[in-house]
Number of protein chains: 2
Amino acid sequence: MIDRLLSAPLSPLEVSPEPETTRQRILRVGMACFAQEGFAGATTRMIASAAGVTLPVIAYHFGNKDGLHLACAEEIVEQHRRRLLPVAAAARCAADDGSLTADQARIWLEKILATLVAAITADDEQRLATDFVLRELSEQGPGYHLLYEELWKPGMELVAELIAIARGRSATVEGDRVGAMMLLASLSSLTRDEPVASAFLGGSASEEPHRTLIGECARRMLSGLIAA
Amino acid sequence: MIDRLLSAPLSPLEVSPEPETTRQRILRVGMACFAQEGFAGATTRMIASAAGVTLPVIAYHFGNKDGLHLACAEEIVEQHRRRLLPVAAAARCAADDGSLTADQARIWLEKILATLVAAITADDEQRLATDFVLRELSEQGPGYHLLYEELWKPGMELVAELIAIARGRSATVEGDRVGAMMLLASLSSLTRDEPVASAFLGGSASEEPHRTLIGECARRMLSGLIAA
DNA sequence: TAAGCCCTATATCATTTGATAGGTTTATTG
DNA sequence: CAATAAACCTATCAAATGATATAGGGCTTA
């Protein structure tokens, strides 16, 4: 996996003229290692070796292991912002407006779910970023607060609000927050426990037909969650 | 957390006449450490210290760190078997019988969900066992195969079968398996990401009113999942 | 060309961690 | 009582790990 990332340093989208800098390479490899091994499990030597540099280079660019981890978290917040913010911002705008009907809220929720399904069944780099976030939320390493405050919490609060509106309430109650957590959690385990999912489903969750089935199940569960 | 376990070595159920053996104590503390810190994060010294013994005692009873971890997994398989097997076996018996109606299957699923909600909102010891399992499924340490084959896989296959019957099919299709995974995953994150859940919900998921709300959301999502 | 800075490598340190060698105590047994 | 084995401890080792002191190369700039 890490080898594959090394040999494909650039996403097909960015036709970057200048080659990837050492700092960017360490960041990318570090994200992969932390996502796969966890903060304690990923060693600085492992990351340095996979990035094709020596140990002090990491210290030079990021101070220490904590700094690298934090930098990975910051990078991911930026990445996910670019990807998810468009739909999230539009939905929040509509929700704050107060003019959202229950049906419209439901459509927004389905759109968000589709975006998240796409995120966890996307290319390796994006999936590793997602894994990094999910692992960090349970490990609480150096990047925890950043990811929780900047990514997880606002996203979850938006979903909870939309659920409330979809269920005909104007304000969120405790149950909406529980529902939001559980709904999105149903998706997260598919990437967090990818080996388990692959073994049980007989193939990667990011490939068809699983990709389609996951979206379908998510919509069904959402439907039940907001049913009257 | 570990301190609390140390000071409360016996579950209120078992009025054991003989005190806990050293081996049992190490096993219990080890489960807690592995559940909280992961296999790499939990050090043998940490476990030995928390159990009130020295390092070689672990080696004496379990060979090495891997052996202790595996023994924890075996202990947990036994524990969960005692707790979950009654309902699981009855459900499987009914499912294999072939005479299960869709409504009956749905009732079985609700019963299983209620059992799992109880498991993740139960006392510390049982929750730590659950955390151990969930962490191991994503980390794939020494105890992975045992937990996957003996606990996770059979349970998930049962749920998938029941979902298929509840949806009016006689055999499970890929979508039922995806649905089973996602349905149970919605519960797992509440204990795996307990700090996140507590921060977001403003209180432990194992306390009211969250306990009730979790069960309610689970039933709603199940309802949507098996809806025609 | 010389000075200075950015970036990277070699070599090394102190700590942590898993493991073990050898001795001590306690209980059991012939 | 002597002998044996089980259970545990002290002391220590070797490997792994995060970190760093020091030096070298390449580039710009004066």
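In this text the structure is predicted, and so the values were computed from the model without any measurement.
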Determine the contact category for A/Thr43: base if any of its heavy atoms lies under 4.0 Å from a base atom, sugar-phosphate if only primed atoms, P, OP1 or OP2 are that close, otherwise nothing.
-> sugar-phosphate

Report the relative orientation of the aromatic rings in B/Phe39 and B/Phe34; use parallel for angles under 30°, tilted for 30 to 60°, perpendicular for over 60°.
-> parallel

Any donor-acceptor N/O pair, A/Arg177 side chain to B/Phe200 backbone, under 3.5 Å = yes

Given DNA chain D, 5'-ward residue of the pair B/Arg45 and A/Ala59, judged by closest heavy atom | B/Arg45

Chain A contact limits on DNA chain C, taken 5' to 3' with a cut-off of 4.0 angstrom to heavy atoms = C/dC6 to C/dT10

What are the two closest heavy atoms between B/Gly41 and B/Met46, and how far apart are they?
-> O-CE, 3.7 Å

Residues that B/Thr212 engages under side-chain contact (heavy atoms from CB on, under 4.5 Å), provided they are two or more places apart = B/Glu208

All heavy atoms of A/Arg135 vs all of A/Gln36, minimum pair found to be NH2-O, 3.2 Å

Nearest heavy-atom neighbours spanning B/Gly175 and A/Leu213 = N-CD1, 3.7 Å

Please check if the side chain of B/Ser189 supplies one atom and the backbone of B/Ala185 the other of a donor-acceptor pair under 3.5 Å.
-> no

Ranking A/Ile26 and B/Ala42 by the position along DNA chain C of their nearest nucleotide, the one closer to 5' is A/Ile26

Is the backbone N or O of A/Leu134 less than 3.5 Å from a side-chain atom of A/Arg192, with the two atoms forming a donor-acceptor pair by type?
-> yes

Span of DNA chain D, from the first to the last nucleotide whose atoms fall under 4.0 Å of chain B heavy atoms = D/dA6 to D/dT10

